[in-house]
Amino acid sequence: MDQRELVDSAASLDCIPCGLCLRPCPTYQLTGEEASSPRGRIYLMRGVAEGAIEGSDPTFAEELDFCLVCRHCESVCPAGVRFGEMMETARDRLLEDRRTALERALRWLGFRAVLPSRALLGA
């Protein structure tokens, strides 16, 4: 994976570190750690995109997995950052790298061959 493709860097620059996203964030409330907040995750994604953090870093993956993607932070963001979209993109691309060749083949078979076909789906 090209780490620059992990997140839209331009979208991550929209975040102004105002802190309004901290209060509604359940994972930040639970841990109190900046990395577990929306802006902390944005900085982690930006760090990977800029090459300052390795995309294979287990801490990075754990923080992405720890987010509930409840999008409560979006409703209070004055800059209109679409955090949910950023998380979905980053998670999808991170998962794509973790999948084995067999998993990718089975997903292709299921989604591209079986689901579109009524006959195969019925079987």
Side-chain angles (χ1 to χ4, degrees):
M1 164 185 67
D2 183 2
Q3 295 190 82
R4 291 173 299 212
E5 294 178 4
L6 186 64
V7 67
D8 181 2
S9 293
S12 71
L13 295 175
D14 290 343
C15 177
I16 55 173
C18 63
L20 291 175
C21 60
L22 301 179
R23 188 174 181 118
C25 179
T27 56
Y28 178 76
Q29 292 300 314
L30 184 66
T31 65
E33 295 182 17
E34 180 71 19
S36 295
S37 72
R39 70 180 181 187
R41 290 185 180 102
I42 288 172
Y43 286 130
L44 286 172
M45 288 186 276
R46 190 183 307 161
V48 170
E50 293 173 353
I53 301 170
E54 287 295 318
S56 59
D57 185 343
T59 306
F60 173 69
E62 287 172 17
E63 281 303 330
L64 289 186
D65 290 340
F66 190 48
C67 178
L68 302 175
V69 194
C70 63
R71 297 183 177 206
H72 289 313
C73 54
E74 289 183 0
S75 63
V76 298
C77 181
V81 174
R82 294 182 175 171
F83 180 74
E85 288 179 17
M86 292 172 64
M87 282 296 296
E88 290 167 2
T89 301
R91 279 182 173 174
D92 184 51
R93 291 180 181 163
L94 191 62
L95 280 176
E96 206 44 51
D97 280 357
R98 291 181 185 173
R99 290 188 181 114
T100 65
L102 177 61
E103 288 173 322
R104 284 193 295 273
L106 290 174
R107 285 179 59 83
W108 180 89
L109 181 66
F111 289 117
R112 304 286 179 176
V114 175
L115 281 178
S117 166
R118 286 183 173 227
L120 289 175
L121 193 58

- Indicate the atoms forming the closest heavy-atom contact of Leu22 with Ser37, along with that distance. CD2-CB, 3.3 Å
- Taking C-beta and beyond as the side chain, do Tyr28 and Cys21 meet within less than 4.5 Å on heavy atoms? no
- Query: Do Leu64 and Ile53 belong together in a cluster built from hydrophobic side chains that touch within less than 4.5 Å?
  - Reply: yes
- Task: Name all pairs fulfilling the salt bridge (Lys or Arg N to Asp or Glu O under 4.0 Å) condition that reach into residues 21-45, sequence neighbours left out, sorted by first residue then second.
- Result: Glu34-Arg39, Arg41-Glu63
- If you measure from CG on Leu102 to CG on Leu109, what distance do you get to the nearest 0.5 Å? 10.5 Å
- Atom OG1 of Thr89 and atom CG of Leu94: how far apart are they, to the nearest 0.5 Å? 12.0 Å
- Note on the structure: Note: Leu120 and Ser117 closest approach over all heavy atoms is N-OG, 3.2 Å
- Task: Kindly give the cluster partners of Leu68, where membership spreads through any ILVMFWY side chain lying under 4.5 Å from a current member.
- Result: none
Identify all side-chain donor-acceptor contacts of residues 70-82 below 3.5 Å with residues at least two apart in sequence or on another chain.
from, atom 1, to, atom 2, distance (Å)
Arg71, NH2, Glu88, OE1, 3.4
Arg71, NH2, Glu88, OE2, 2.7
Glu74, OE2, Phe83, N, 3.0
Glu74, OE2, Gly84, N, 2.6
Ser75, OG, His72, O, 2.7

- Message: If I compare all heavy atoms of Asp57 with all of Thr59, which pair ends up nearest, and what's the gap?
- Response: OD1-N, 3.0 Å
- Item | Minimum-distance pair of heavy atoms, taken over all atoms of Ile42 and Met86 | CG1-CE, 3.9 Å
- Query: Can you find a pair of side-chain heavy atoms, one from Val69 and one from Arg91, that are under 4.5 Å apart?
  - Reply: yes
